[in-house]
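This report concerns only the one structure given below.
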Amino acid sequence: QVQPVESGGGLVQAGGSLRLSCAASGRAFSNYAMGWFRQAPGKEREFVAAISRSGGTTYYTDSVKGRFTISRDNAKNTVYLQMNSLKYEDTAVYYCAARYAFSPISIPREYDSWGQGTQVTVSS
């Protein structure tokens with residue numbers, strides 16, 4: 001089983017960009033679909049984006065389409081979330097999760113392992 005570790009969060013002004021990284025320790029990273037989720041204070045964890053094992057299929061929540069891009073490098077055991085045109089409402093703790101399956105999906109309980117999260121704060 002892989003163990004995700006997120007990095008790259010921080011403070012950015014509205015309209016700015018950040019790139020989150022998720023390095024997954026463990027074996028057979030390419031057997032796992034990967035997802036990004038986020039949780040704002042007082043709110044439930046929500047789906048952001050996901051990518052299939054090969055990277056050929058991606059899936060986004062509507063609110064980030066056209067602004068965020070998920071990608072992966074299986075040789076580096078890493079998945080990325082490029083976030084552009086950030087908005088105040090993107091402020092949250094962002095979590096990376098791994099799912100031992102091909103397909104990327106949006107349901108948190110279907111993921112097998114989770115990182116500790118990285119804080120993204122967008123100032124208005």
Side-chain angles (χ1 to χ4, degrees):
Q1 184 170 343
V2 300
Q3 179 58 51
V5 177
E6 306 93 339
S7 62
L11 174 64
V12 63
Q13 288 188 333
S17 298
L18 279 176
R19 188 176 81 155
L20 305 183
S21 297
C22 172
S25 62
R27 301 174 64 180
F29 174 73
S30 59
N31 286 340
Y32 289 78
M34 300 296 293
W36 285 98
F37 294 78
R38 65 188 180 187
Q39 188 167 18
K43 295 187 177 181
E44 293 187 354
R45 190 169 299 188
E46 67 170 353
F47 170 75
V48 176
I51 190 166
S52 63
R53 294 187 305 193
S54 67
T57 302
T58 56
Y59 181 28
Y60 299 92
T61 192
D62 286 347
S63 64
V64 308
K65 285 180 181 177
R67 300 189 298 123
F68 290 11
T69 302
I70 189 171
S71 61
R72 67 189 295 160
D73 185 340
N74 284 347
K76 296 182 178 179
N77 281 20
T78 301
V79 62
Y80 305 97
L81 185 67
Q82 178 66 44
M83 305 186 295
N84 299 329
S85 302
L86 281 161
K87 304 176 180 180
Y88 175 76
E89 51 265 39
D90 294 318
T91 296
V93 176
Y94 283 70
Y95 297 90
C96 178
R99 177 174 186 254
Y100 188 69
F102 175 81
S103 299
I105 61 173
S106 63
I107 304 170
R109 66 176 181 271
E110 294 294 328
Y111 284 78
D112 303 305
S113 56
W114 292 79
Q116 293 300 307
T118 186
Q119 176 70 47
V120 172
T121 303
V122 184
S123 61
S124 57

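The first residue in the sequence is number 1, and the count goes up from there. Side-chain atoms are counted along with the backbone in the values below, which use heavy atoms only and exclude waters and symmetry mates.
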Subject >> Closest approach of C22 to P4 (non-hydrogen atoms, all atoms of both residues) >> reply: SG-CB, 3.5 Å
**OP:** Return the set of residues passing side chain to side chain contact (heavy atoms under 4.5 Å, CB included) with S30 (not counting sequence neighbours), or none when no residue passes.
**Re:** N74
Original post:
Do side-chain atoms of T118 reach the backbone of G9 as a donor and acceptor pair under 3.5 angstrom?
Top reply: yes
**OP:** Look up atom SG in C96 and atom OH in Y80, then write down how far apart they are to the nearest 0.5 Å.
**Re:** 11.5 Å
Subject >> Pair listing, ring pair (Phe, Tyr, Trp, His ring centres under 6.0 Å) test, anchored in residues 105-124, at least two apart >> reply: F37-Y111, F37-W114
**OP:** State, with a plain yes or no, whether a side-chain heavy atom of P108 is found less than 4.5 Å away from one of Y95.
**Re:** no
Original post:
Going by heavy atoms in the side chains, are Y59 and S106 under 4.5 Å from each other?
Top reply: yes
**OP:** Give a yes-or-no answer on whether the side chains of T78 and D73 include a donor-acceptor pair shorter than 3.5 Å.
**Re:** no
Original post:
If every non-hydrogen atom of S52 is compared with every non-hydrogen atom of R72, which pair is closest and at what distance?
Top reply: O-NH1, 2.8 Å
Original post:
Is there a donor-acceptor pair closer than 3.5 Å between any side-chain N or O of E6 and the backbone N or O of G117?
Top reply: yes
Subject >> N77 side chain vs A24 backbone, donor-acceptor pair below 3.5 Å >> reply: yes
**OP:** Answer yes or no: is there an ion pair linking D90 with K87, defined by an N-O contact shorter than 4.0 Å?
**Re:** no
Original post:
Should side-chain heavy atoms under 4.5 Å link Ile, Leu, Val, Met, Phe, Trp and Tyr, which residues sit in the same cluster as V48?
Top reply: V2, V12, L18, L20, F29, Y32, M34, W36, I51, Y60, V64, F68, I70, V79, L81, M83, L86, Y94, Y100, V120, V122
